[in-house]
K.L.:
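Before I ask anything, let me first share the structure, which is written out below as structure tokens.
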Amino acid sequence: MKKDLIASIKQLYPGFSKGQKLISDYIVNNYEKAAFMTAAKLGKEVNVSESTVVRFATELGFEGYPGLQKAMQEEIRTRLTSVQRMKIISDKMSDKDILKTVLMSDIDKLTKTLSEIKEEDFLGAVDTILNSKRIYILGARSCYSLANFLEFYLNHICDNVKKVSTTSASETFEQMYRVGKDDVVIGISYPRYSKRTINALKFASDRGARIVAITDSALSPIAEYATYVLTARNDMSTFVDSLVAPLSVINALIVALVMKRKDEVARNYEELEDIWDEYDVYEKNSDE
């Protein structure tokens, strides 16, 4: 798969046939529409055969048209604004189908995540987190809620957990300036990728820290700096980023860490339960 589809098409354009150039022109100028067309429909739109569209996809390095279609949808996720995405989705979805469509889409993301995530990366991430001196967690914008969730539970399992929480680029580096080779940084980022997250992970990687990236694919810009990449699908089904798959991967990560430190975590929770009772943190059941 090409990392930048539009750039690849423009680079190869001079060598294309007349029919392939027609397809190229349409995709470059209308990829937000082409991304949801079948090969037959795209061919009809530009007045070429379906087989020409399929050959065009293989010419770009894809195994078939589904690979090209997926790449076009990736272009939408990384290039379009939320308003543009909302318009596309509004044209595809009726009001009565919203609940079923969104839930089925999330189920599909979980299924694809399960088949694509590499278990060796998952296990490597668990061991790295457990054996690191300091654990930094970084997630910006919509990923900030995932970072909060992960930090909440990691604080019950590990010492020296720090969530990098700031909207200022300079303060991000100030909070991470001690990061080094004995530390791990868990970075969470999805399209449209946060530049602050990318730059912070590059900074940490340059200083020798190990990086655990939770993102949508191995082609994500944060994967470039990662020691381990935990891929969790986030395909575009609405203009709102779905966090179901990455949250599920984070849940699995937390459970795996707890299983590695069962006795210690049990002691931690016994102490925490006493603190919660003493300071009346939770509502108590009453038989009265």
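By convention here, the first residue in the shown sequence is residue 1. What you see is a predicted model, and the numbers here were worked out from it, not measured in a lab.
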K.L.:
If we only count heavy atoms from C-beta on, is the Tyr26 to Met37 side-chain gap below 4.5 Å?
P.N.:
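Side chain of Tyr26 against side chain of Met37, heavy atoms only: contact under 4.5 Å found.
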K.L.:
Under 3.5 Å, is there a donor-acceptor pair between the side chain of Gln69 and the main chain of Ala35?
P.N.:
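Yes.
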K.L.:
Could you tell me whether a side-chain N or O of Gln175 sits under 3.5 Å from a main-chain N or O of Ser165, the two making a donor and an acceptor?
P.N.:
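Answer holds: yes.
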K.L.:
Report whether Val126 and Val229 are members of the same hydrophobic cluster (ILVMFWY, side-chain heavy atoms less than 4.5 Å apart, transitive linking).
P.N.:
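Different clusters: Val126 never reaches Val229 through Ile, Leu, Val, Met, Phe, Trp or Tyr contacts under 4.5 Å.
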K.L.:
Check whether more than 12 heavy atoms from other residues, nucleotides or ligands sit under 6.0 Å from atom CZ of Arg178, and answer yes or no.
P.N.:
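No, the 6.0 Å shell around CZ holds no more than 12 heavy atoms from other groups.
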K.L.:
In this structure, would Ile254 and Leu110 fall into the same cluster of hydrophobic residues linked by side-chain contacts under 4.5 Å?
P.N.:
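As far as the 4.5 Å side-chain criterion goes, Leu110 and Ile254 are not connected within one cluster.
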K.L.:
Rounded to the nearest 0.5 Å, what's the gap from OH on Tyr65 to OG1 on Thr38? Could you check?
P.N.:
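It is 6.5 Å, given to the nearest 0.5 Å.
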K.L.:
How many angstroms lie between CE in Met176 and CG in Leu201, if you round to the nearest 0.5 Å?
P.N.:
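Met176 atom CE to Leu201 atom CG measures 6.5 Å (nearest 0.5 Å).
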K.L.:
Taking atom types as modelled and ignoring hydrogens, do the side chains of Ser242 and Asp106 form a donor-acceptor contact shorter than 3.5 angstrom?
P.N.:
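Present: a donor and an acceptor within the cut-off.
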K.L.:
Is it the case that one hydrophobic cluster holds both Ile275 and Phe152, taking links as side-chain heavy atoms less than 4.5 Å apart, direct or via other members?
P.N.:
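Ile275 clusters together with Phe152.
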K.L.:
Side chains of Arg233 and Thr113: any donor to acceptor distance under 3.5 Å?
P.N.:
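Thr113 vs Arg233: no donor-acceptor pair found between side chains.
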K.L.:
Is the backbone of Arg134 close enough, under 3.5 Å, to the side chain of Ser132 for a donor and an acceptor to pair up by distance?
P.N.:
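Checked: no pair found.
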K.L.:
Under the criterion side chain to side chain contact (heavy atoms under 4.5 Å, CB included), I'd like the reasoning laid out for Leu12 against Glu59: C-alpha separation, chi angles, the key distance, then a yes or no.
P.N.:
CA-CA 9 Å; Leu12 297 172; Glu59 186 75 17; 5.6 Å; no
K.L.:
For the hydrophobic clusters of this structure (ILVMFWY residues joined by side-chain heavy atoms under 4.5 Å, transitively), does one cluster hold both Leu150 and Leu123?
P.N.:
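Same cluster.
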K.L.:
Is any side-chain heavy atom of Leu68 less than 4.5 Å from a side-chain heavy atom of Ile27?
P.N.:
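They are in side-chain contact.
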K.L.:
Using only heavy-atom distances, determine whether the side chains of Asp25 and Tyr13 contain a donor-acceptor pair under 3.5 Å.
P.N.:
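Side chains of Asp25 and Tyr13: pair found under 3.5 Å.
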K.L.:
Between Thr227 and Arg210, what is the shortest heavy-atom contact and its length?
P.N.:
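Looking at all heavy atoms of both residues, the closest pair is OG1-CA, 3.5 Å.
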K.L.:
Under 6.0 Å between the ring centres of Tyr153 and Phe149?
P.N.:
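For Tyr153 and Phe149, the ring centres are under 6.0 Å apart.
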K.L.:
Go through the steps to decide whether Leu42 and Ile23 satisfy the test side chain to side chain contact (heavy atoms under 4.5 Å, CB included), and finish with yes or no.
P.N.:
CA-CA 8 Å; Leu42 178 56; Ile23 300 169; 4.2 Å; yes
K.L.:
Can you tell if the side chain of Val212 reaches within under 4.5 Å of the side chain of Val185, non-hydrogen atoms only?
P.N.:
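In short, these two side chains do not touch, never coming nearer than 4.5 Å.
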K.L.:
With no hydrogens and no angle check, do the side chains of Ser105 and Lys109 hold a donor and an acceptor under 3.5 Å apart?
P.N.:
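There is such a pair (donor and acceptor under 3.5 Å, judged by atom type) between the side chains of Ser105 and Lys109.
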K.L.:
If we ignore hydrogens and angles and just use 3.5 Å, is the side chain of Ser24 paired with the main-chain N or O of Gln20 as donor and acceptor?
P.N.:
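At least one qualifying donor-acceptor pair exists.
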K.L.:
With no hydrogens and no angle check, is any side-chain donor or acceptor of Glu50 less than 3.5 Å from a backbone partner on Gly43?
P.N.:
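Absent.
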K.L.:
Might you point out which heavy atoms bring Leu230 and Leu253 nearest each other, and give the distance in Å?
P.N.:
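Closest approach of Leu230 to Leu253: CD1-CD1, 4.3 Å.
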K.L.:
Could you give me the CA-CA distance, side-chain angles and deciding distance for Ile137 and Lys162, then say whether side chain to side chain contact (heavy atoms under 4.5 Å, CB included) is met?
P.N.:
CA-CA 6 Å; Ile137 304 172; Lys162 180 179 181 61; over 6 Å; no
K.L.:
Is there a path from Leu243 to Ile117 through hydrophobic residues (I, L, V, M, F, W, Y) whose side chains come within less than 4.5 Å of each other?
P.N.:
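In one cluster with Leu243: Ile117, yes.
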K.L.:
Verify the distance criterion only: is there a donor paired with an acceptor across the side chains of Ser220 and Ser217 at less than 3.5 Å?
P.N.:
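There is no such pair between these side chains.
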K.L.:
With rounding to the nearest 0.5 Å, note down the distance linking NZ in Lys10 to CG in Leu5.
P.N.:
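Reported to 0.5 Å precision, the distance equals 11.0 Å.
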K.L.:
Answer yes or no: is there a side-chain heavy-atom contact under 4.5 Å between Ile222 and Tyr193?
P.N.:
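No, side chains not in contact.
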K.L.:
Can you see which heavy atom on Ile135 is nearest to which on Cys158, and at what distance?
P.N.:
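For Ile135 versus Cys158, the nearest heavy atoms are CD1-CB, 3.7 Å.
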K.L.:
About how many Å separate CD of Gln11 and CG of Leu60, when rounded to the nearest 0.5 Å?
P.N.:
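Spacing of CG (Leu60) from CD (Gln11) equals 11.0 Å.
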K.L.:
Taking C-beta and beyond as the side chain, do Leu22 and Asn47 meet within less than 4.5 Å on heavy atoms?
P.N.:
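No, every pair of side-chain atoms sits at 4.5 Å or beyond.
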K.L.:
Would you mind reporting whether Asn234 and Thr215 have side-chain heavy atoms less than 4.5 Å apart?
P.N.:
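Sidechains of Asn234 and Thr215: no contact.
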K.L.:
Got more than 12 heavy atoms from elsewhere within 6.0 Å of CD, Glu119?
P.N.:
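Atom CD in Glu119 is not crowded, with 12 or fewer foreign heavy atoms closer than 6.0 Å.
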K.L.:
State yes or no: are the ring centers of Phe16 and Phe56 separated by less than 6.0 Å?
P.N.:
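Judged by ring-centre distance (under 6.0 Å), Phe16 and Phe56 do meet the cut-off.
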K.L.:
Look up atom CG in Asp216 and atom NZ in Lys112, then write down how far apart they are to the nearest 0.5 Å.
P.N.:
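If I round to the nearest 0.5 Å, the distance is 12.5 Å.
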K.L.:
Given His156, which partner from the list Asn268, Leu272, Val258 fulfils the side chain to side chain contact (heavy atoms under 4.5 Å, CB included) test?
P.N.:
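The residue from Asn268, Leu272, Val258 that satisfies side chain to side chain contact (heavy atoms under 4.5 Å, CB included) with His156 turns out to be Leu272.
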K.L.:
I need the minimum non-hydrogen distance between Ala71 and Phe62, along with the two atoms involved.
P.N.:
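Minimum heavy-atom contact is CB-CZ, 3.7 Å.
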K.L.:
Provide the closest heavy-atom pair for Ile188 versus Ala147 in the form atom of the first, atom of the second, distance.
P.N.:
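The pair with the smallest heavy-atom distance is CD1-N, 3.9 Å.
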K.L.:
Taking everything shown except Lys202 itself, do over 12 heavy atoms lie less than 6.0 Å from its NZ?
P.N.:
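Result for NZ/Lys202: open.
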K.L.:
Taking Ser248 for the side chain and Val244 for the main chain, is one N or O donor matched with an acceptor at less than 3.5 Å?
P.N.:
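Judged by distance alone, no pair lies under 3.5 Å.
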K.L.:
If you define the side chain from C-beta out and look only at heavy atoms, does anything of Glu264 sit under 4.5 Å from Arg267?
P.N.:
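Touching, per the 4.5 Å side-chain cut-off.
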K.L.:
Minimum heavy-atom separation for Ser194 to Ser189, with atom names?
P.N.:
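Minimum heavy-atom separation between Ser194 and Ser189: N-OG, 3.6 Å.
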K.L.:
As an exercise, state the distance from CG of Leu247 to CG of Leu146, rounded to the nearest 0.5 Å.
P.N.:
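Leu247 CG to Leu146 CG: 6.0 Å, rounded to 0.5 Å.
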K.L.:
Can you confirm whether Glu174 sits close enough to Glu171 that some side-chain heavy atom of one is under 4.5 Å from a side-chain heavy atom of the other?
P.N.:
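Answer yes - side chains close enough.
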K.L.:
For the CG atom on Asp263, are there more than 12 heavy atoms of other groups (residues, nucleotides or ligands in this structure) within a distance under 6.0 Å?
P.N.:
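No, the 6.0 Å shell around CG holds no more than 12 heavy atoms from other groups.
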K.L.:
For a quick check under 3.5 Å, do Tyr228 and Asp127 share a side-chain donor-acceptor pair by atom type?
P.N.:
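No, no side-chain donor-acceptor pair sits under 3.5 Å.
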K.L.:
Show your working on side chain to side chain contact (heavy atoms under 4.5 Å, CB included) between Leu154 and Ile186 and close with a plain yes or no.
P.N.:
CA-CA 11 Å; Leu154 278 188; Ile186 305 172; 4.1 Å; yes
